[in-house]
Amino acid sequence: MKYSAATFLSIFLFSSFLTAQQKTGFSNTDSIRTVLEYRLPDWGYSNFYLASGAFSNGLTLSKPTDVVRDQNNNTIRTDIDNKLVRFSGSVTPIYELYKESEKRFIDLRSTTSFTIQANSEDREFEQYITETNTQLNSATIEGNSGIRTFSESLIIDLKEYVVDDFFLLFTSNLFLSYSSQNFYSEENNLPVVDATSFSRNVFARPGVGIGYGRFRNVTPTIRALRLSERSQLMQLQALNNNQVLTAADHFTRFNGYTQRYDRPRKYFWDDMNNSLSNIYSDLSVFDAFYLDDVFNEALGSRYEGFEVYGGFEYQYNAQLQKVDNNINNTNSRETLILKEHRVFANLNWSKNLDLENQVSIRVSTTQFYNNEEGANYDRRNISELRAEWLNNLSDRYLLLVFLENGLLVNKGNDDLGSPDFDQIVTTIGSTVTFFNENKFSLAGNISFSYDYREQRADTRKNLDKTFRINIGANLRYYFNRNLY
């Protein structure tokens, strides 16, 4: 009898597993013609808005008192009168531009920030002997400080097809910030602190590249096919091939609705209905919610095609810190400049074997070259390989099996005696999402990884080999659910 509970649980879960295998969609999983015919629509959005416009002003008054006895048994009383005034304000306008088509891809984001802070503090300090009312010490301290900051961030990604499937790449990541601070304090009308500081940070990482191929995100098409299956279950006519592609165009644009409207799905489904000849105009509330539930299906990330590209990036970072002390007429200045360039190459390939199975391979390698004499490395290479298989049974079951291999090769600076360092990490794993409506849900993952590290310096070599196993699961099972 000691195995009865375990046996019962195993049969219990296995029967639920079999029940959950009854699919609800993709009546013909081998029909992937619509996926292969999908082309990106010419669409986009732009936003110019004030992300933060905050101002605050505050006043704090406090009167702490401290009473102690000295070694002569006298009562020493200290009274402090504090007054603190604070002001802060910030303004952050943001501009976003996103455009996507078969010809061109543009993603631009500009963020500008203005911040100001000001503090003013007055403090009166008095200390005396209580018994004789004899004053021992008194002081008046006044001070103020301020911080003013300006920053600008500009990120641009551009992909332009020039001839057939050949394309050019341009990326740019720019950041600029200025900050100035002042501190002033005086005691009994005599300056104690009088200093100003200034800091500047300039960061730029432009890049160019060239590539070949078409690598499309076809998840909107898969979701459009699920929409067609749900339409059939609502006793509506299934979408034809052209209607599925039209619906896929609208699913592609959904992120634009979230940027344009506070209630994006209201306008999304209205436009979807209009584009499909008003087939959803007479839906009941129940059917409308059932249709919208297509967004909650775990379809994974589905891609089709391949692309290979490579290019060059240059990174420049200059930091300046300057402090002026006006009391003793001294100043300090610190400058840090970092320069690095890199060469990269990438390959992406995905193939949908049918509507439920996808295989993918992604390869990337980046070679870094340091242009600073005092850097602890001369060059560095980071390479990654990932192969995966995705299996998706409509809205009930999503399985992902993957193999990853990462390589890091670091060549140290011989002039500084920096060691060479190599690392290889291999991981094989799987994640699964399993769902049987109103009864059972399971989300689990398991992975095995091997980590090899080698460090070399002169005649010394250090080796480190590590094997890891990670297992995780989240199970929910309803023994009984009732509604009264």
Side chain to side chain donor-acceptor pair (under 3.5 Å) for Ser447 and Thr427? Distances and angles first, verdict last. CA-CA 7 Å; Ser447 65; Thr427 303; over 6 Å; no
Under 3.5 Å, is there a donor-acceptor pair between the side chain of [X] and the main chain of [Y]?
| X | Y | result |
| --- | --- | --- |
| Asn317 | Val202 | yes |
| Arg386 | Val363 | no |
| Glu384 | Glu404 | no |
| Gln358 | Ser301 | yes |
| Asn74 | Ile129 | no |
| Asn201 | Leu320 | no |
| Asn381 | Thr365 | no |
| Ser46 | Glu96 | no |
| Lys159 | Leu168 | no |
| Thr219 | Arg302 | yes |

Taking the six-membered ring for Trp, are [X] and [Y] ring centroids under 6.0 Å apart?
| X | Y | result |
| --- | --- | --- |
| Tyr314 | His341 | no |
| Phe203 | Tyr316 | no |
| Tyr309 | Phe166 | no |
| Phe268 | Phe251 | yes |
| Trp43 | Tyr98 | yes |
| Phe150 | Phe114 | yes |
| Phe254 | Phe295 | yes |
| Tyr267 | Tyr257 | no |

Quick test of your reading of the model: are [X] and [Y] salt-bridged, counting only N-O distances below 4.0 Å?
| X | Y | answer |
| --- | --- | --- |
| Arg123 | Asp81 | no |
| Lys103 | Asp42 | no |
| Glu307 | Arg214 | no |
| Glu340 | Arg205 | no |
| Arg226 | Glu297 | yes |

Just do the salt bridge (Lys or Arg N to Asp or Glu O under 4.0 Å) check on Asp107 and Arg109 with the steps written out, would you?
-> CA-CA 7 Å; Asp107 189 4; Arg109 180 181 175 89; over 6 Å; no
From the list Phe306, Phe167, Tyr303, Trp349, ring pair (Phe, Tyr, Trp, His ring centres under 6.0 Å) partner of Phe215 resolves to Tyr303
Approximate separation, where rounding is to 0.5 Å, of [X] [atom1] and [Y] [atom2]:
| X | Y | atom1 | atom2 | answer |
| --- | --- | --- | --- | --- |
| Glu126 | Ser138 | CD | OG | 6.5 Å |
| Ile76 | Arg69 | CD1 | CZ | 9.5 Å |
| Leu400 | Glu388 | CG | CD | 5.0 Å |

Sorted by chain and residue number, the side-chain hydrogen bond (donor to acceptor under 3.5 Å, both in side chains) partners of Trp269 (sequence neighbours excluded) come out as Asp292
Residues 117-147 vs ring-ring contact (aromatic ring centres under 6.0 Å, His included), sequence neighbours excluded, gives none
